[in-house]
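Beneath this line is the structure, given in structure tokens, with notes to follow.
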Amino acid sequence: MPAATVLPRSFYDRDALAVAPELLNKVLVAGEVRARLVEVEAYRGADDPGAHSFRGRTPRNATMFGAPGSLYVYFSYGMHWCANAVCGPGDTPHAVLLRAAIPLAGLDVMRERRAKARREVDYARGPGSLGQAFGFDRSFDGVDLTRPRGRVRIVDDGTPPPARPGVSTRVGLAAGKGDAFLYRFFVAGDPHVRRSGSGGADRRGGGARSDQ
DNA sequence: ACCGGGATGTTCT
DNA sequence: GAACATCCCGGTG
């Protein structure tokens, strides 16, 4: 098993739509907590009415306009802290929302933080839950994800992204949700991915594409 | 399993 | 004052 390597800034310095599917199966690390990303969403600056950066820079979204490879954390619905990886290219305000992950280490800490979650599968299922499991808050906004011993980082442990990720529209948006915005990517069939829409949870097998 | 609503507070119009 | 990249609980079938 190769040593885990921190993703370099060049990984993030691209369109969020290119970065998002490649973040699947990477490992998010903060202190002793580690979890494998299985669901993400791309948000793309000026062309994306669903993005926080669509209407320009504000105090809240300033981190999105900063260096690719930064962590953009925002407060959602008066209750939850959600985390994004800032992307590019250059200073283009793109980002990838981290929506769900498989707990790998630091399970005691996660269980304590996620007291309401009964099952391990729910520790980091959904962006608010993921933020709570990792202990994110305002002080994490702007953290550099590319530092090998940084406070938060994303590493490659040798697990490749799925060859054919699940793809769908994004969750919970009033704007930017048509078929032109297939910006959500997930590991098809993984139980840690928040179920969407109707029907069965566990679609698996050869093809794997649009929804679960 | 599916749906409806309340919690809770920052951000922007 | 409305909207919001959400979560959880309780009702119903």
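Here is how names work: the chains are called A, B, and so on, in the same order as the sequence lines, proteins then strands, and each is numbered from 1. Reckoned from all heavy atoms, side chains included, excluding hydrogens, waters and symmetry mates.
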Legend entry - Flag, side chain of A:Arg44 to backbone of A:His94, donor-acceptor distance under 3.5 Å: no
Legend entry - Residues within residues 103-114 of chain A bordering DNA chain B, heavy-atom distance below 4.0 Å: none
Inset, instruction - For A:Arg138, report the nucleic acid contact type (base, sugar-phosphate, nothing); a contact means any heavy atom under 4.0 Å. - result: sugar-phosphate
Legend entry - Interface limits on DNA chain C, where chain A has a heavy atom under 4.0 Å of a nucleotide atom: C:dC4 to C:dC8
Legend entry - Carboxylate-amine/guanidinium contact A:Lys116 A:Asp122, below 4.0 Å: no
Legend entry - Pair A:Arg194-A:Glu39, salt bridge (Lys or Arg N to Asp or Glu O under 4.0 Å): steps then yes or no: CA-CA 8 Å; A:Arg194 179 169 276 263; A:Glu39 182 189 356; over 6 Å; no
Legend entry - Closest-nucleotide 5' rank along DNA chain B - winner of A:Arg60 and A:Met79: A:Met79
Inset, instruction - Starting from Watson-Crick (N1-N3 plus N6-O4 or O6-N4) and G-U wobble pairs under 3.5 Å, report the runs of at least three that DNA chain C belongs to. - result: B:1-7 with C:6-12, B:9-12 with C:1-4
Legend entry - Pair A:Phe75 and A:Trp81, ring centroids less than 6.0 Å apart: yes
Inset, instruction - Would you mind checking if A:Arg36 and A:Asp190 are paired as a salt bridge, meaning a charged N to carboxylate O distance below 4.0 Å? - result: no
Legend entry - Aromatic ring pairing A:Phe181/A:Tyr183, orientation class (parallel under 30°, perpendicular over 60°, tilted between): perpendicular
Legend entry - Presence of A:Thr58 side-chain N/O under 4.0 Å of B:dC12 phosphate oxygens OP1/OP2: yes
Inset, instruction - Using only heavy-atom distances, determine whether the side chains of A:Gln132 and A:Arg113 contain a donor-acceptor pair under 3.5 Å. - result: no
Legend entry - Donor-acceptor contact present, side-chain A:Asn61 to main-chain A:Gly56, <3.5 Å: yes
Legend entry - Nearest-nucleotide comparison on DNA chain C, the residue closer to the 5′ end among A:Ala117 and A:Ala175: A:Ala175
Inset, instruction - Just call it for A:Gly172: base, sugar-phosphate, or nothing, with non-hydrogen atoms closer than 4.0 Å on any strand. - result: sugar-phosphate
Inset, instruction - For A:His80 and B:dT11, give me the distance from atom NE2 to atom C1', rounded to whole Å. - result: 17 Å
Inset, instruction - Please state how far atom CZ in A:Arg55 lies from atom P in B:dT13, giving the value in whole angstrom units. - result: 7 Å
Inset, instruction - Classify the nucleic acid contact of A:Gly78 as base, sugar-phosphate or nothing, counting any heavy atom under 4.0 Å across all strands shown. - result: base
Inset, instruction - Step by step, work out the salt bridge (Lys or Arg N to Asp or Glu O under 4.0 Å) result for A:Arg111 and A:Asp108. - result: CA-CA 5 Å; A:Arg111 178 169 50 249; A:Asp108 293 345; 2.7 Å; yes
Legend entry - Over-ring placement of A:Arg14 relative to A:Phe11, 6.0 Å and 45° cut-offs: yes
Legend entry - Side chain A:Asn84, main chain A:Val86, donor-acceptor under 3.5 Å: no
Inset, instruction - Whole angstrom is fine here: how far is it from OH in A:Tyr77 over to P in B:dG6? - result: 15 Å
